[in-house]
Amino acid sequence: MTLFDRHFLHDPYPEYALLRDTKPVMQLGSLSGKIWFVTRYEHVREVLESDSYAEYDLPAIIEAKVDRTSGRDNGELGKRLSNWLFFMSPPKHAIMKRSLAPLYALRNLDLARNAVWSYARRIVCKSTLEGPCDTIRQLASPLPVVATSTLLGISINDREHIANLASQVLRVFEPLQRMSIYESVQGGLNGLDVALSSLSHAEESLRTLARRAEASASLANLPSDELRALVIMLFAAGQDTISASIGNAVFTLAASPEYFRCLRKHPDIIPNAARELIRFDPPVQIVARVANSDQDLGGAFIRVGERVCVALGSANRDERHVPDAGTLNLERSGLAHVSFGLARHYCLGAQLALTVLEAFLTALVECASSIQFAGPYRRRSSYVFRGFAELPIKFAP
Ligand code: HEM
């Protein structure tokens, strides 16, 4: 197996294990300079926690790219993305993050939990009567839209459309960027702007939140375009991530029915199970940083300006950190994994994502007695987002 080939896409974990043992900080060739690939938990943690590694400034890179034939640039796209938390550095980052935190208050999460639970119940119950369904299109993909719109207090009818656009936008995180991808991302952003015609409600809800919570005063004063960028970021960031976590969980439960039987028998372990499923097969596999100064990482010499990609999926399976890491143990508790990142850029929506997965698993064990594959499945062709493009499943009543 070679890194990033078809087999790796299907199952990267054996290759990760080999790298952790032999070349835990490995140099990859790239046209755009040296890139380091980091697979052990201790090094992944060091990169994410240390101030010696900065945000990878994708918006600036996008802005600088000009299409050779048409002469067109991506200035507008870069500018819009620079309002996303992922790419912000302190102190603006901390202010914005604190401002958005009240959105994920317990009361709001409970509203999202109920909305997701009742939507998932409806689709799973319907499918037990009507036959197989594509888990991704019919279940996993609409659920993030259900969750985020509930959180923002807006109602959306065409969830599939919003889900597709949000997914299109998130392609900006894929490596090997080309002009055609930027065009698609820009198209997704424009589409979301138009499609969320009730965006004014969403803006309103953020401003109301800002007025209520003192910490959010900076949101209240934000210009409209920056606030809209944040709303779109919330939809986009939650889309392929939540959707993949649901698809990956369904795949695991269908492939190993004993786990599903265990959940049905002991639904009280669902909160632990949701965390363990996300540790075992995380939707976001790789995140990037740039060295601020020359660094020694696990004996490798990393020069200032070089890019460092950390493999979250590998760190989660590092036996040096997690006992029996290669085994899925739905009752495992108190585990520190890195599926949501760490430190400054720790995922804003982690609690929401876990709430959605828990609500989904609850609906699943309530409505289905067994789940089986109902046809060939297809993985997404992405190393960054690990998930399925199609996953036909039969839910038995
Ligand atoms: C299972 C679902 C999810 C996974 C696995 C996931 C994963 C991650 C990871 C790994 C990071 C760190 C990125 C980095 O360090 O560069 C991150 C950051 C982030 N996530 Fe999530 N995410 C999920 C769901 C969500 C949801 C539902 C939202 C919606 C609000 C969201 C919003 C964000 C934002 C805004 C950041 C950037 C935070 C910052 O820069 O301070 N994520 N996420």
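Counting convention: from 1, in listed order, for ligands and their atoms alike.
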_I want to know whether Phe173 and Phe86 have ring centres closer than 6.0 Å._
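Yes, they do, as the ring centres are separated by less than 6.0 Å.
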
What's the shortest distance from [atom] to any protein heavy atom, and which residue and atom give it?
{"atom": "atom 13 (C) of ligand 1", "result": "Val287 CG1, 3.8 Å"}
{"atom": "atom 6 (C) of ligand 1", "result": "Phe340 CD2, 3.7 Å"}
{"atom": "atom 15 (O) of ligand 1", "result": "Arg289 NH2, 2.7 Å"}
{"atom": "atom 41 (O) of ligand 1", "result": "His93 NE2, 2.6 Å"}
{"atom": "atom 25 (C) of ligand 1", "result": "Cys347 SG, 3.6 Å"}
{"atom": "atom 28 (C) of ligand 1", "result": "Gly349 CA, 3.6 Å"}
{"atom": "atom 40 (O) of ligand 1", "result": "His345 ND1, 2.5 Å"}

*asked:* Apply side-chain contact (heavy atoms from CB on, under 4.5 Å) to residues His10 and Phe8 and explain how you reach the verdict.
replied: CA-CA 5 Å; His10 180 72; Phe8 180 83; over 6 Å; no

_Under 6.0 Å from the ring centre and within 45 degrees of the ring axis: does the NZ or CZ of Arg307 meet both conditions for the six-membered ring of Tyr53?_
no

*Lys NZ or Arg CZ of Arg378 over Phe388 ring: under 6.0 Å, within 45°*: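 No, Arg378 does not lie over the aromatic ring of Phe388.
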
*Please check if any side-chain donor atom of Tyr41 sits under 3.5 Å from a side-chain acceptor atom of Arg45, or the reverse.*
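Result is yes, a qualifying pair exists.
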
Do any nitrogen or oxygen atoms of [X] lie less than 3.5 angstrom from nitrogen or oxygen atoms of ligand 1?
{"X": "Ile242", "value": "no"}
{"X": "Tyr104", "value": "no"}
{"X": "Thr241", "value": "no"}

Between [Y] and [X], is the closest basic N to carboxylate O distance under 4.0 Å?
{"X": "Glu366", "Y": "Arg121", "result": "yes"}
{"X": "Asp51", "Y": "Arg344", "result": "yes"}
{"X": "Arg107", "Y": "Asp110", "result": "no"}
{"X": "Arg6", "Y": "Asp11", "result": "no"}
{"X": "Glu258", "Y": "Arg264", "result": "no"}
{"X": "Arg171", "Y": "Asp240", "result": "no"}

Can you list the atoms of ligand 1 that are under 4.0 Å from a heavy atom of [X]?
{"X": "Leu234", "value": "29 (C), 30 (C)"}
{"X": "Leu312", "value": "10 (C)"}
{"X": "Ala237", "value": "25 (C), 31 (C), 32 (C), 33 (C), 42 (N)"}
{"X": "Lys97", "value": "38 (C), 39 (C), 41 (O)"}

Please state whether [X] comes within less than 4.0 angstrom of ligand 1, counting heavy atoms only.
{"X": "Glu55", "answer": "no"}
{"X": "Tyr56", "answer": "no"}
{"X": "Ser339", "answer": "yes"}

*Which of the listed options, Phe86, Phe385, Trp84, holds the heavy atom that is closest to atom 33 (C) of ligand 1?*
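It is Phe86 whose heavy atom sits nearest to atom 33 (C) of ligand 1.
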
